[in-house]
Amino acid sequence: MASQYYQEMQESFRNNNKSREFPAHTAKVHSVAWSCDGRRLASGSFDKTASVFVLEKDRLVKENNYRGHGDSVDQLCWHPTNPDLFVTASGDKTIRIWDVRTTKCIATVNTKGENINICWSPDGQTIAVGNKDDVVTFIDAKTHRSKAEEQFKFEVNEISWNNDNDMFFLTNGNGCINILSYPELKPIQSINAHPSNCICIKFDPTGKYFATGSADALVSLWDVEELVCVRCFSRLDWPVRTLSFSHDGKMLASASEDHFIDIAEVETGEKLWEVQCDSPTFTVAWHPKRPLLAYACDDKEGKYDNNREAGTVKLFGLPNDS
(Lines give C-alpha, C1' and ligand atoms only; values in the text may rest on other atoms or scores of the structure.)
Protein backbone atom coordinates (compact mmCIF):
# COMPACT_ATOMS: atom_id res chain seq x y z
CA MET A 1 0.00 0.00 0.00
CA ALA A 2 1.52 3.31 -1.04
CA SER A 3 1.94 5.87 1.72
CA GLN A 4 -0.24 8.95 1.90
CA TYR A 5 2.82 11.08 1.21
CA TYR A 6 3.52 9.02 -1.90
CA GLN A 7 -0.01 9.53 -3.19
CA GLU A 8 0.08 13.26 -2.42
CA MET A 9 3.40 13.80 -4.20
CA GLN A 10 2.32 11.73 -7.21
CA GLU A 11 -0.76 13.90 -7.47
CA SER A 12 1.36 17.02 -7.06
CA PHE A 13 3.80 16.01 -9.80
CA ARG A 14 1.00 15.00 -12.14
CA ASN A 15 -0.12 18.64 -12.03
CA ASN A 16 3.37 20.13 -11.74
CA ASN A 17 5.73 18.17 -13.95
CA LYS A 18 6.84 20.91 -16.28
CA SER A 19 10.53 21.72 -16.65
CA ARG A 20 11.69 25.09 -17.89
CA GLU A 21 15.19 26.10 -18.88
CA PHE A 22 16.94 29.40 -18.33
CA PRO A 23 20.10 30.61 -20.10
CA ALA A 24 22.85 30.94 -17.51
CA HIS A 25 26.32 30.44 -18.99
CA THR A 26 28.33 30.09 -22.19
CA ALA A 27 29.56 26.62 -21.22
CA LYS A 28 28.36 23.65 -19.19
CA VAL A 29 27.02 24.20 -15.69
CA HIS A 30 28.80 22.14 -13.02
CA SER A 31 26.91 23.12 -9.90
CA VAL A 32 23.59 24.62 -8.78
CA ALA A 33 22.57 25.57 -5.24
CA TRP A 34 19.73 27.45 -3.50
CA SER A 35 20.19 30.14 -0.88
CA CYS A 36 18.85 29.11 2.55
CA ASP A 37 15.69 31.20 2.12
CA GLY A 38 15.04 29.79 -1.37
CA ARG A 39 14.92 33.23 -2.98
CA ARG A 40 18.01 32.74 -5.12
CA LEU A 41 19.66 30.04 -7.15
CA ALA A 42 23.37 30.16 -7.94
CA SER A 43 25.11 28.26 -10.72
CA GLY A 44 28.80 27.69 -11.39
CA SER A 45 30.19 26.92 -14.81
CA PHE A 46 33.08 25.79 -16.94
CA ASP A 47 32.97 29.33 -18.37
CA LYS A 48 34.76 30.54 -15.16
CA THR A 49 31.76 32.46 -13.85
CA ALA A 50 28.94 32.06 -11.35
CA SER A 51 25.41 33.29 -12.02
CA VAL A 52 22.68 34.16 -9.55
CA PHE A 53 18.96 34.06 -10.33
CA VAL A 54 16.01 35.29 -8.29
CA LEU A 55 13.05 32.92 -8.14
CA GLU A 56 9.91 34.81 -9.12
CA LYS A 57 6.73 32.74 -9.08
CA ASP A 58 7.48 30.07 -11.68
CA ARG A 59 10.60 31.44 -13.28
CA LEU A 60 14.20 32.25 -12.60
CA VAL A 61 15.19 35.82 -13.37
CA LYS A 62 18.90 36.38 -13.84
CA GLU A 63 20.20 38.88 -11.31
CA ASN A 64 23.94 38.88 -11.83
CA ASN A 65 26.99 37.22 -13.26
CA TYR A 66 30.06 36.88 -11.04
CA ARG A 67 33.43 37.10 -12.76
CA GLY A 68 36.93 36.85 -11.39
CA HIS A 69 37.94 33.21 -11.41
CA GLY A 70 40.67 32.28 -13.85
CA ASP A 71 39.42 28.73 -14.38
CA SER A 72 36.28 26.60 -14.24
CA VAL A 73 33.93 27.07 -11.26
CA ASP A 74 33.48 23.44 -10.24
CA GLN A 75 31.32 23.71 -7.16
CA LEU A 76 29.61 26.37 -5.12
CA CYS A 77 27.53 26.59 -1.97
CA TRP A 78 25.66 29.18 0.06
CA HIS A 79 26.15 30.21 3.66
CA PRO A 80 23.85 27.93 5.73
CA THR A 81 21.93 30.78 7.39
CA ASN A 82 22.87 33.99 5.56
CA PRO A 83 21.02 34.13 2.22
CA ASP A 84 23.36 36.81 0.81
CA LEU A 85 26.68 34.96 0.85
CA PHE A 86 27.95 32.17 -1.35
CA VAL A 87 31.35 30.66 -2.05
CA THR A 88 32.84 29.25 -5.25
CA ALA A 89 35.63 26.69 -5.72
CA SER A 90 37.72 26.87 -8.86
CA GLY A 91 40.51 25.14 -10.69
CA ASP A 92 42.45 28.44 -10.47
CA LYS A 93 43.63 27.45 -6.94
CA THR A 94 41.37 29.95 -5.18
CA ILE A 95 38.01 30.06 -3.54
CA ARG A 96 35.97 33.25 -3.62
CA ILE A 97 33.28 34.47 -1.27
CA TRP A 98 30.62 36.68 -2.86
CA ASP A 99 27.88 38.95 -1.48
CA VAL A 100 24.75 39.28 -3.62
CA ARG A 101 23.92 42.69 -2.07
CA THR A 102 27.07 44.32 -3.42
CA THR A 103 27.70 41.72 -6.16
CA LYS A 104 31.34 41.95 -5.16
CA CYS A 105 33.88 39.36 -4.21
CA ILE A 106 34.38 39.83 -0.46
CA ALA A 107 37.38 37.55 -0.28
CA THR A 108 39.70 35.56 -2.50
CA VAL A 109 41.48 32.81 -0.60
CA ASN A 110 44.49 31.17 -2.20
CA THR A 111 44.71 27.41 -1.81
CA LYS A 112 47.36 24.86 -2.69
CA GLY A 113 45.75 23.08 -5.59
CA GLU A 114 42.97 22.97 -8.16
CA ASN A 115 39.76 22.98 -6.14
CA ILE A 116 36.97 20.60 -7.02
CA ASN A 117 34.60 20.48 -4.05
CA ILE A 118 33.46 22.82 -1.34
CA CYS A 119 31.06 22.92 1.59
CA TRP A 120 30.12 25.37 4.32
CA SER A 121 29.81 24.13 7.90
CA PRO A 122 26.27 24.14 9.36
CA ASP A 123 27.34 26.73 11.99
CA GLY A 124 28.58 29.03 9.22
CA GLN A 125 32.05 29.39 10.72
CA THR A 126 34.14 27.25 8.40
CA ILE A 127 34.47 26.51 4.71
CA ALA A 128 36.06 23.23 3.66
CA VAL A 129 37.54 22.88 0.22
CA GLY A 130 39.01 19.80 -1.44
CA ASN A 131 41.45 19.82 -4.34
CA LYS A 132 42.65 17.44 -7.05
CA ASP A 133 45.62 16.38 -4.89
CA ASP A 134 43.26 15.10 -2.15
CA VAL A 135 44.06 17.90 0.25
CA VAL A 136 41.15 19.32 2.26
CA THR A 137 41.65 22.84 3.63
CA PHE A 138 39.49 24.28 6.41
CA ILE A 139 39.11 28.05 6.08
CA ASP A 140 37.79 30.40 8.75
CA ALA A 141 34.78 32.09 7.12
CA LYS A 142 35.39 35.36 9.01
CA THR A 143 39.16 35.82 8.81
CA HIS A 144 39.48 33.92 5.49
CA ARG A 145 42.59 32.18 6.82
CA SER A 146 43.32 28.49 6.74
CA LYS A 147 42.64 26.82 10.12
CA ALA A 148 43.70 23.31 9.20
CA GLU A 149 44.83 21.27 6.26
CA GLU A 150 44.63 17.55 5.79
CA GLN A 151 46.36 15.47 3.11
CA PHE A 152 44.59 12.18 2.43
CA LYS A 153 46.15 9.03 1.01
CA PHE A 154 43.08 8.22 -1.05
CA GLU A 155 41.05 9.92 -3.75
CA VAL A 156 38.70 12.38 -2.02
CA ASN A 157 35.47 12.90 -3.93
CA GLU A 158 32.91 14.83 -1.95
CA ILE A 159 33.04 16.31 1.54
CA SER A 160 30.40 17.28 4.07
CA TRP A 161 29.81 18.00 7.72
CA ASN A 162 27.01 16.23 9.53
CA ASN A 163 24.13 18.52 10.58
CA ASP A 164 25.43 18.67 14.18
CA ASN A 165 28.77 20.05 12.96
CA ASP A 166 30.81 17.61 15.07
CA MET A 167 31.79 15.12 12.37
CA PHE A 168 33.29 15.53 8.92
CA PHE A 169 32.59 13.03 6.14
CA LEU A 170 34.53 12.25 2.97
CA THR A 171 33.63 9.87 0.17
CA ASN A 172 36.59 8.23 -1.49
CA GLY A 173 37.81 6.40 -4.57
CA ASN A 174 37.95 3.05 -2.77
CA GLY A 175 34.21 3.04 -2.14
CA CYS A 176 34.56 4.12 1.49
CA ILE A 177 33.02 6.83 3.63
CA ASN A 178 35.63 8.25 6.00
CA ILE A 179 34.37 9.94 9.13
CA LEU A 180 36.51 12.33 11.16
CA SER A 181 35.74 14.07 14.42
CA TYR A 182 35.39 17.84 14.11
CA PRO A 183 37.21 20.09 14.85
CA GLU A 184 39.92 17.61 15.95
CA LEU A 185 39.91 15.79 12.57
CA LYS A 186 40.70 12.45 14.19
CA PRO A 187 39.53 9.38 12.26
CA ILE A 188 36.39 7.90 13.84
CA GLN A 189 35.39 5.30 11.31
CA SER A 190 35.79 4.14 7.75
CA ILE A 191 32.73 2.48 6.24
CA ASN A 192 32.98 0.22 3.21
CA ALA A 193 29.97 1.65 1.47
CA HIS A 194 30.30 0.54 -2.14
CA PRO A 195 32.35 -1.93 -4.19
CA SER A 196 33.57 0.94 -6.36
CA ASN A 197 34.32 4.65 -6.27
CA CYS A 198 32.03 6.50 -3.83
CA ILE A 199 31.27 9.79 -5.55
CA CYS A 200 28.81 12.01 -3.70
CA ILE A 201 27.30 12.47 -0.24
CA LYS A 202 24.36 14.49 1.08
CA PHE A 203 22.75 14.85 4.53
CA ASP A 204 19.00 15.15 4.82
CA PRO A 205 17.65 18.36 6.43
CA THR A 206 16.13 16.46 9.36
CA GLY A 207 19.48 14.93 10.34
CA LYS A 208 18.17 11.38 10.26
CA TYR A 209 19.90 10.08 7.13
CA PHE A 210 22.68 10.72 4.71
CA ALA A 211 22.92 9.32 1.20
CA THR A 212 25.91 8.35 -0.92
CA GLY A 213 26.10 7.82 -4.66
CA SER A 214 28.59 5.54 -6.30
CA ALA A 215 30.19 4.50 -9.57
CA ASP A 216 28.30 1.19 -9.19
CA ALA A 217 25.15 3.23 -10.06
CA LEU A 218 23.70 2.65 -6.59
CA VAL A 219 22.51 5.21 -4.08
CA SER A 220 22.70 4.04 -0.49
CA LEU A 221 20.82 5.57 2.41
CA TRP A 222 22.49 5.58 5.84
CA ASP A 223 21.20 6.06 9.35
CA VAL A 224 23.26 8.90 10.85
CA GLU A 225 23.10 7.57 14.44
CA GLU A 226 23.77 3.90 13.72
CA LEU A 227 25.99 4.41 10.64
CA VAL A 228 24.28 1.46 8.95
CA CYS A 229 22.88 1.26 5.46
CA VAL A 230 19.09 1.34 5.61
CA ARG A 231 18.30 0.82 1.93
CA CYS A 232 19.58 1.09 -1.60
CA PHE A 233 18.12 2.75 -4.67
CA SER A 234 19.08 1.03 -7.89
CA ARG A 235 17.14 2.56 -10.77
CA LEU A 236 20.10 4.29 -12.42
CA ASP A 237 22.52 2.50 -14.74
CA TRP A 238 25.44 4.93 -14.63
CA PRO A 239 27.70 6.33 -11.89
CA VAL A 240 25.67 8.53 -9.55
CA ARG A 241 27.08 12.04 -9.78
CA THR A 242 24.71 14.13 -7.73
CA LEU A 243 22.12 13.85 -4.96
CA SER A 244 19.68 16.12 -3.19
CA PHE A 245 17.14 15.68 -0.40
CA SER A 246 13.89 17.64 -0.48
CA HIS A 247 13.28 20.23 2.26
CA ASP A 248 11.19 17.79 4.33
CA GLY A 249 13.76 15.00 3.92
CA LYS A 250 11.13 12.75 2.35
CA MET A 251 12.33 12.74 -1.26
CA LEU A 252 15.75 12.03 -2.72
CA ALA A 253 16.72 13.08 -6.23
CA SER A 254 19.67 11.30 -7.83
CA ALA A 255 21.19 11.68 -11.26
CA SER A 256 23.91 10.35 -13.53
CA GLU A 257 24.57 9.93 -17.24
CA ASP A 258 21.15 8.28 -17.49
CA HIS A 259 18.72 10.50 -19.34
CA PHE A 260 16.43 10.92 -16.35
CA ILE A 261 16.63 12.11 -12.75
CA ASP A 262 15.28 9.59 -10.26
CA ILE A 263 13.03 10.93 -7.50
CA ALA A 264 12.58 8.40 -4.73
CA GLU A 265 10.48 8.31 -1.60
CA VAL A 266 13.12 8.09 1.13
CA GLU A 267 11.20 5.87 3.59
CA THR A 268 10.25 3.18 1.09
CA GLY A 269 12.77 3.57 -1.72
CA GLU A 270 9.91 3.60 -4.23
CA LYS A 271 10.09 5.71 -7.35
CA LEU A 272 7.93 8.81 -6.95
CA TRP A 273 8.74 10.34 -10.32
CA GLU A 274 11.39 10.62 -12.97
CA VAL A 275 12.43 13.83 -14.71
CA GLN A 276 13.31 13.24 -18.35
CA CYS A 277 16.58 14.76 -19.60
CA ASP A 278 18.17 14.81 -23.05
CA SER A 279 21.70 14.39 -21.73
CA PRO A 280 23.72 13.47 -18.62
CA THR A 281 22.97 15.48 -15.48
CA PHE A 282 25.80 17.15 -13.55
CA THR A 283 23.98 18.62 -10.56
CA VAL A 284 20.58 18.61 -8.80
CA ALA A 285 19.26 20.73 -5.92
CA TRP A 286 15.83 20.76 -4.27
CA HIS A 287 14.41 24.11 -3.25
CA PRO A 288 14.63 24.57 0.57
CA LYS A 289 10.86 25.10 0.94
CA ARG A 290 9.02 23.81 -2.13
CA PRO A 291 9.01 20.68 -4.32
CA LEU A 292 10.99 22.46 -7.03
CA LEU A 293 14.14 20.85 -8.38
CA ALA A 294 16.92 22.86 -10.01
CA TYR A 295 19.32 20.90 -12.21
CA ALA A 296 21.81 21.24 -15.03
CA CYS A 297 22.75 18.84 -17.81
CA ASP A 298 25.45 18.43 -20.40
CA ASP A 299 23.34 20.19 -23.00
CA LYS A 300 24.41 21.02 -26.51
CA GLU A 301 23.18 24.02 -28.51
CA GLY A 302 21.00 23.49 -31.53
CA LYS A 303 20.34 20.44 -33.62
CA TYR A 304 23.20 20.98 -36.07
CA ASP A 305 26.14 22.29 -34.11
CA ASN A 306 26.68 19.65 -31.46
CA ASN A 307 29.93 21.04 -30.10
CA ARG A 308 28.57 24.19 -28.52
CA GLU A 309 27.55 23.82 -24.92
CA ALA A 310 24.26 25.36 -23.89
CA GLY A 311 24.99 26.30 -20.29
CA THR A 312 21.36 26.35 -19.17
CA VAL A 313 19.88 25.90 -15.71
CA LYS A 314 16.60 23.99 -15.46
CA LEU A 315 13.73 23.98 -13.04
CA PHE A 316 11.37 21.01 -12.60
CA GLY A 317 8.11 20.97 -10.65
CA LEU A 318 6.40 23.90 -12.37
CA PRO A 319 2.64 23.88 -12.93
CA ASN A 320 1.70 22.22 -16.23
CA ASP A 321 -0.31 25.28 -17.25
CA SER A 322 2.49 27.77 -16.47
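Along the sequence shown, the residues carry numbers beginning at 1.
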**OP:** Apply salt bridge (Lys or Arg N to Asp or Glu O under 4.0 Å) to Asp298 and Lys28, showing your working.
**Re:** CA-CA 6 Å; Asp298 189 9; Lys28 61 189 170 200; 5.1 Å; no
Consider only side-chain N and O atoms of [X] and [Y], and report whether a donor and an acceptor are under 3.5 Å apart.
X	Y	result
Asp299	Thr312	yes
His25	Ser43	yes
His30	Thr283	no
Glu21	Tyr295	no
Glu11	Gln7	no
Glu265	Ser3	yes

Which atoms form the tightest heavy-atom contact between [X] and [Y], and what is the distance?
X	Y	value
Glu114	Gly91	CG-O, 3.3 Å
Asn157	Cys198	ND2-O, 2.7 Å
Gln10	Leu272	NE2-O, 2.6 Å
Leu185	Ala148	CD1-CB, 4.0 Å

**OP:** Sorted by first residue and then second, give each side chain to side chain donor-acceptor pair (under 3.5 Å) pair with at least one member in residues 133-148; sequence neighbours left out.
**Re:**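 Of all non-adjacent pairs touching residues 133-148, those that pass side chain to side chain donor-acceptor pair (under 3.5 Å) are Thr126-Lys147.
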Are any side-chain N or O atoms of [X] and backbone N or O atoms of [Y], one a donor and one an acceptor, separated by less than 3.5 Å?
X	Y	value
Lys250	Val266	no
Asp258	Asp237	yes
Asn172	Gly175	yes
Ser45	Ala27	yes
Ser90	Asp71	yes
Asp92	Thr94	yes
Asn163	Asp204	yes
Thr103	Val100	no
Arg96	Gly68	yes
Asp223	Val228	no

Please check if [X] and [Y] belong to a single hydrophobic cluster, counting links between Ile, Leu, Val, Met, Phe, Trp and Tyr side chain heavy atoms closer than 4.5 Å.
X	Y	result
Leu292	Phe22	yes
Leu236	Phe233	yes
Val109	Ile118	yes
Leu318	Met251	no
Leu243	Val230	yes

Hey, does [Y] have a side-chain heavy atom less than 4.5 Å from the side chain of [X]?
X	Y	answer
Ile261	Cys277	yes
Ile199	Ser214	no
Val129	Ile139	yes
Ile159	Phe168	yes
Pro239	Ser256	no

Using 0.5 Å steps for rounding, measure from the [atom1] atom of [X] to the [atom2] atom of [Y].
X	Y	atom1	atom2	result
Ser190	Ile179	OG	CD1	8.0 Å
Ile106	Ile97	CD1	CD1	6.5 Å
Leu85	Arg101	CG	CZ	6.0 Å
Trp78	Ser35	CH2	OG	5.0 Å
Asn192	Cys229	CG	SG	12.5 Å
Ile201	Cys119	CD1	SG	10.0 Å

Evaluate whether atom [atom1] of [X] has more than 12 neighbouring non-hydrogen atoms of other residues, nucleotides or ligands under 6.0 angstrom away.
X	atom1	value
Asp278	CG	no
Arg67	CZ	no
Glu225	CD	no
Lys112	NZ	no
Gln4	CD	no

Checking [X] now: which residues fulfil ring-ring contact (aromatic ring centres under 6.0 Å, His included) with it, not counting sequence neighbours?
X	result
Tyr66	Phe86, Trp98
His287	Trp34
Phe169	Phe203, Phe210
Tyr182	Phe138, Trp161

Set of side chain to side chain contact (heavy atoms under 4.5 Å, CB included) partners for [X], sequence neighbours left out:
X	result
Ser244	Val284, Trp286
Thr81	His79
Asn17	Trp273, Phe316, Asn320

**OP:** State which residues pass salt bridge (Lys or Arg N to Asp or Glu O under 4.0 Å) with Lys271; sequence neighbours excluded, sorted by chain then number.
**Re:** Glu274
**OP:** Going by the side chain to side chain contact (heavy atoms under 4.5 Å, CB included) test, name the single residue among Thr171, Asn178, Leu227, Thr212 that passes it with Ile191.
**Re:** Leu227
**OP:** For the pair Lys208 and Glu267, find out whether any cationic side-chain nitrogen is under 4.0 Å from an anionic carboxylate oxygen.
**Re:** yes
Original post:
For Leu218, which fellow cluster members are found when Ile, Leu, Val, Met, Phe, Trp and Tyr are connected by side-chain heavy-atom distances below 4.5 angstrom, either directly or through intermediates?
Top reply: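 Members other than Leu218 - counting any ILVMFWY side chain reachable under 4.5 Å - there are none.
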Between side-chain atoms of residues 50-59 and protein atoms elsewhere (two or more places apart, or another chain), which donor-acceptor pairs fall under 3.5 Å?
residue, atom, partner, partner atom, Å
Ser51, OG, Ala24, O, 3.2
Ser51, OG, Lys62, NZ, 3.4
Ser51, OG, Asn65, ND2, 2.7

Subject >> Residue pairs involving residues 239-267 (criterion ring-ring contact (aromatic ring centres under 6.0 Å, His included); sequence neighbours excluded) >> reply: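 Applying ring-ring contact (aromatic ring centres under 6.0 Å, His included) to every pair that reaches into residues 239-267, excluding sequence neighbours, yields nothing.
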